[in-house]
Amino acid sequence: MIDFKSTFKIALVSLKTNKMRSSLTSLGIIIGVAAVIVMLAIGTGASTKVTKDMESMGSNLLTIRSASANQGGVRQGAGSKPSLTLKDAESLSKLARGAQAVAPVSNENKQVIYGNQNWSTTVYGTTANYLEIKSYELLLGRNFIPEDIKNSTKVVIIGSTVATELFGDVNPVNKVIRIGGVPFRIIGVLKSKGSSGPFDNDDLAFIPITTAQKKVFGVYFPGTVNMIVVKTTDSDIMDTTESDINEILSIRHNIGKNQDKDFEIRNSAEFQEKLKSTVKTFSILLGSIASVSLLVGGIGIMNIMLVSVTERTREIGIRMAIGARSSDIRKQFLIEALMLAIIGGLIGVVAGVATTQIVSAASTDLTTEISAFSIFISLGFSALVGVVFGFYPAYKASLLNPIDALRYE
């Protein structure tokens, strides 16, 4: 009987004797493990970025827009038929169950000017609740107060991008800018939220909704707004809140049961779940594609081990003749295959981490995130590949007849 330690030493000597072949055999595993780590890092990074972007847009949101207008059989798109009003927003705030905050919103692109500096940005007419709903925080100054809305005060809160473009490093609070030719005093600057895909969350300005309607945007139908945003207390009550919104607005707009509604409700939770599910599927797909490389590496290990069995037939015969059992032979070749896979896996981890860092540094748009799970799963899978694809050569070697093996040339 030959103990495990001796078997391990023999396997190690065999691998050292054929360094080039061992290196080339491990190459498939190295590439496979590195590919899995890189692909999973990209998938995980994309998932994290999507989650962060969703959080920056606000959670537990219901967005109500006016329905689409129909002119000459041509649908004009959501919001083209003005039907929502400030009174609707007030009613929802008072009557809809689970409505934590409600904000009417109208928005247009406008040129903002300070001295000889100007910048085109999106101007939102809204209330103080909108900042809470969209998770905006103030860096400087204050939020709107009820008097600003009631008196249509010409005050504005600007995002960090607008502040930088117009003022550089100067404190903008209490400075006067012109929006659409109308002077506005800056009362606040928002903390930076960064970008959500192509959208810059900091390139905007907020003014009171009543000021926007009367002095900046102008409306064909006084009191109407583009949309109403509702934040619920939690995700579990969103269906109840949505049902209440449908009922309240249908009553206010005199819409019968069989009539088409003049508003549309969009549930952010449903959209976020669909997007997260899509990203998760994408991550699994990337990992699965990369795993094919590991299978190819496993086939390479099996082929080389079969060649090794043929080359070392006399060695196997000698070992059996001096007392080695079939199980000892199996162990030797399994250990060799396993060592090839593990060594390749470890090198692959280093290569995968390095490649991920290079990819992340080379692209500002691509987010990568290496997880311990991806490293462990890659190493575990590479070890499994070594055992699975090394078993047949080991089993074939253990079946050799000692007499025939000694005669083999």
What is the distance from atom [atom1] of [X] to atom [atom2] of [Y], rounded to the nearest 0.5 Å?
{"X": "R97", "Y": "I248", "atom1": "CZ", "atom2": "CD1", "value": "9.0 Å"}
{"X": "I347", "Y": "L27", "atom1": "CD1", "atom2": "CG", "value": "9.5 Å"}
{"X": "S135", "Y": "K193", "atom1": "OG", "atom2": "NZ", "value": "5.5 Å"}
{"X": "N226", "Y": "I64", "atom1": "CG", "atom2": "CD1", "value": "13.0 Å"}
{"X": "M39", "Y": "T356", "atom1": "CE", "atom2": "OG1", "value": "8.0 Å"}
{"X": "T368", "Y": "I358", "atom1": "OG1", "atom2": "CD1", "value": "11.5 Å"}

Taking the cut-offs as 6.0 angstrom to the six-membered ring centre and 45 degrees off its axis, would you call K175 and Y114 a cation-pi pair?
no
Do S91 and R252 meet the criterion of a side-chain donor-acceptor pair at a distance under 3.5 Å? yes
Closest heavy-atom pair and its distance - [X], [Y]:
{"X": "G344", "Y": "I30", "value": "O-CG1, 3.3 Å"}
{"X": "T233", "Y": "N60", "value": "O-ND2, 4.4 Å"}
{"X": "V225", "Y": "P104", "value": "CG1-CB, 4.0 Å"}
{"X": "G223", "Y": "Q213", "value": "C-NE2, 3.6 Å"}
{"X": "I370", "Y": "A41", "value": "CG1-CB, 4.0 Å"}
{"X": "V112", "Y": "T121", "value": "CG1-CG2, 4.0 Å"}

Where the side chain of [X] meets the backbone of [Y], is there a donor-acceptor pair that is under 3.5 Å apart?
{"X": "S93", "Y": "E90", "result": "no"}
{"X": "T355", "Y": "A351", "result": "yes"}
{"X": "T232", "Y": "I237", "result": "no"}
{"X": "T127", "Y": "A103", "result": "no"}
{"X": "N246", "Y": "L249", "result": "no"}
{"X": "S83", "Y": "D262", "result": "yes"}
{"X": "K215", "Y": "S152", "result": "yes"}
{"X": "T210", "Y": "I149", "result": "yes"}
{"X": "E242", "Y": "D239", "result": "no"}
{"X": "S382", "Y": "I29", "result": "no"}

Is it the case that over 12 heavy atoms from other parts of the model lie below 6.0 angstrom from the CG atom of N109?
yes
TODO: Give the intermediate values and the outcome of side-chain contact (heavy atoms from CB on, under 4.5 Å) for residues F184 and T211.
DONE: CA-CA 10 Å; F184 279 81; T211 310; 3.6 Å; yes
I'd like to check [X] versus [Y] (side-chain heavy atoms, cut-off strictly below 4.5 Å). Are they in contact?
{"X": "R65", "Y": "I265", "value": "no"}
{"X": "E132", "Y": "N129", "value": "yes"}
{"X": "V216", "Y": "K110", "value": "yes"}
{"X": "I209", "Y": "V105", "value": "no"}
{"X": "L190", "Y": "F206", "value": "yes"}
{"X": "I207", "Y": "V123", "value": "yes"}
{"X": "T63", "Y": "E264", "value": "no"}
{"X": "I245", "Y": "L92", "value": "yes"}

Practice task
With side-chain contact (heavy atoms from CB on, under 4.5 Å) as the test, would you mind laying out the steps for F263 and H253 before giving the verdict?
Solution key: CA-CA 10 Å; F263 59 89; H253 296 188; 4.3 Å; yes
* Full working for side-chain hydrogen bond (donor to acceptor under 3.5 Å, both in side chains) between N107 and T122 -> CA-CA 7 Å; N107 62 285; T122 304; 5.8 Å; no
Identify each donor-acceptor pair in which a side-chain atom of residues 153-170 lies under 3.5 Å from a protein atom, sequence neighbours left out, and give them as a table.
from: T161; atom 1: OG1; to: D200; atom 2: OD2; distance (Å): 2.9
from: T164; atom 1: OG1; to: S160; atom 2: O; distance (Å): 2.9

Please tabulate, for the side chains in residues 138-146, all donor-acceptor contacts under 3.5 angstrom to protein atoms that are two or more places apart in sequence or on a different chain.
from: R142; atom 1: NH1; to: D148; atom 2: OD2; distance (Å): 2.9
from: N143; atom 1: ND2; to: A128; atom 2: O; distance (Å): 3.3

Apply side-chain contact (heavy atoms from CB on, under 4.5 Å) to the pair I37 and V349, showing each step before the final yes or no. CA-CA 7 Å; I37 289 176; V349 167; 3.8 Å; yes
*asked:* Does Y136 form a ring-ring contact (aromatic ring centres under 6.0 Å, His included) with Y130? I'd like the steps, not just the answer.
replied: CA-CA 8 Å; Y136 279 103; Y130 191 73; 7.2 Å; no
(Q) Taking K191 first and then E137, would you say they form a salt bridge - that is, a charged N and a carboxylate O separated by under 4.0 Å? (A) yes
With sequence neighbours left out, the residues meeting side chain to side chain contact (heavy atoms under 4.5 Å, CB included) with N258 are none
Quick one: do V230 and L61 satisfy side-chain contact (heavy atoms from CB on, under 4.5 Å)? Show the steps, please. CA-CA 6 Å; V230 179; L61 302 186; over 6 Å; no
Next item on the list: Verify side-chain hydrogen bond (donor to acceptor under 3.5 Å, both in side chains) between R185 and N174, making sure each step is shown before the conclusion.
Entry: CA-CA 6 Å; R185 180 171 60 88; N174 289 323; 3.1 Å; yes
